[in-house]
2 protein chains.
Amino acid sequence: MSKAPSPKPTDSELEILHVLWQHGPATVRAINDLLGQRRQAEVGYTTTLKILQLMLEKGLVRRDDADRSHVYRAAVREQETQGLLLDKFVDATFGGSALKLVMQALGSRKTSDDELAQIRRLLNDIEIQNSTSNPAEDDEHAG
Amino acid sequence: MSKAPSPKPTDSELEILHVLWQHGPATVRAINDLLGQRRQAEVGYTTTLKILQLMLEKGLVRRDDADRSHVYRAAVREQETQGLLLDKFVDATFGGSALKLVMQALGSRKTSDDELAQIRRLLNDIEIQNSTSNPAEDDEHAG
DNA sequence: GCTTTGTTACGAATTATTTCGTAGATAAGT
DNA sequence: ACTTATCTACGAAATAATTCGTAACAAAGC
């Protein structure tokens, strides 16, 4: 029950987490190289090292220091972290209303029919969950 | 090119913008009082004043200093600002995929049937737009 | 007129984040 | 063995955001 209260990662930390999520465990050298690719400008090696050390203290990553080149791995899951950040963002920007966020996300940008279909499937799933786990009567049937 | 791109507001600035969007133009005193209500702890009067002065320089607010108590008003629109922040957030957290954001927002939290219905209506509207305009050239935005 | 109250402007302390330089250790190359 | 390369740890500078104290000034109250 005691869920690790992983602190909210900063922008730089999040970028490193993306690298680790995609690439898997890696050395500082590898992480730094991958960061250089996804960015415009290179970042100093010791900068990456420093951030990883701070992330280790925060519990955002784990490391294997058996070898001289330590190997870092993400200690938080991608979806959980995204969910955490999303919660904060929804609170700060949309007053806590996830609905407003979704409306804004869908309304103010181009969404393909394919993406719309995926969202519809998700809506159907959620509706089924609502009706099976919720005592409130629900006779709606999606087309 | 004549329009200065309003910089991304910080968390504190965004909170003040929320107050101004909801309440309309207000003095520092009024803004500070309203901030105190929506927060856990009070914030110092001069803190609010200082942030408003910085926001004025950034172009996030305008002020009427005809009277001794200056009256501040939002200089950026709510939806535009939310859209701007949303873009940055989607890039940083979901690698630019608005679809992933929506899936996460809907999937990882409780969404009521009422909200689901609203989203369905929006999906229908978007689908109609997709089918009535040529998808290859409908990237125009209302100014 | 004098004092109290409320206001703006400004400087500065505090905290967080990002950045990198340098020292010291270990491994690798010759 | 010696030199070079690579790595970690650590300190600290640079930047940004938040906070508030104080000075200066104007208005209101007595």
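Below, all heavy atoms of this structure are taken into account, side chains as well, without hydrogens, waters or symmetry copies. So that the names make sense, note that chain A is the first sequence line, chain B the second, and so on, each numbered from 1.
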Touch check for B:D11, heavy atoms < 4.0 angstrom, all strands: base, sugar-phosphate only, or nothing?
sugar-phosphate
Length of the CD-P vector between B:E15 and D:dA17, whole Å:
16 Å
Would A:Y72 and A:I16 count as a side-chain contact (heavy atoms from CB on, under 4.5 Å) if you check the C-alpha gap in whole Å, the side-chain angles of each, and the deciding distance to 0.1 Å?
CA-CA 10 Å; A:Y72 288 84; A:I16 287 180; over 6 Å; no
Between B:T10 and D:dT18, is there a contact of a side-chain N or O with OP1 or OP2 at under 4.0 Å?
yes
Report the nucleotide, chosen from C:dT22, C:dT7, D:dT18, that has the shortest atom-to-atom distance to any side-chain atom of A:T46.
C:dT22
In this structure, how many angstroms lie between the P atom of D:dC20 and the CG atom of B:L35, rounded?
12 Å
Taking the side chain from B:N130 and the backbone from A:S112, do they hold a donor-acceptor pair closer than 3.5 Å?
no
Nearest-nucleotide wise, let me know which of A:G44 and B:Y45 is further upstream toward the 5' end of DNA chain C.
B:Y45
Geometric class of the A:F94/A:F89 ring pair [parallel <30°, tilted 30-60°, perpendicular >60°]:
perpendicular
Send over the distance from B:D65 CG to C:dG6 P, rounded to a whole Å.
21 Å
Over how many whole Å does the gap from A:K8 atom NZ to D:dA17 atom P extend?
13 Å
Work out which heavy atom in B:L14 is nearest to a heavy atom in B:P9; give both atom names and the distance.
N-CB, 4.2 Å
Does the D:dG11 base have a donor-acceptor partner in the side chain of A:K50 within less than 3.5 Å?
yes
Selection from C:dT7, D:dT18, C:dG21 that lies nearest to any side-chain heavy atom of B:S12:
D:dT18
In whole angstroms, how far is the C1' atom of C:dT8 from the CZ atom of B:R63?
8 Å
Check the distance between C:dT7's P and B:H70's NE2 and give it to me in whole angstrom.
11 Å
Quickly work out the A:D64 CG to D:dC7 P distance and round it to whole Å.
15 Å
Would you say a side-chain N or O of A:T47 is under 4.0 Å from OP1 or OP2 of C:dT18?
no
Roughly, in whole Å, what's the span from CD in B:E57 to P in C:dC10?
9 Å
Taking NZ, NE, NH1 and NH2 as the nitrogens, is one of them in B:R120 or A:E127 under 4.0 Å from a carboxylate oxygen of the other?
yes
Look at A:Q53 and D:dA9 and indicate whether a side-chain polar atom (N or O) is within less than 4.0 Å of OP1 or OP2.
yes
Kindly indicate whether the side chain of B:R68 and the base of C:dT8 share any N or O donor-acceptor pair separated by less than 3.5 Å?
no
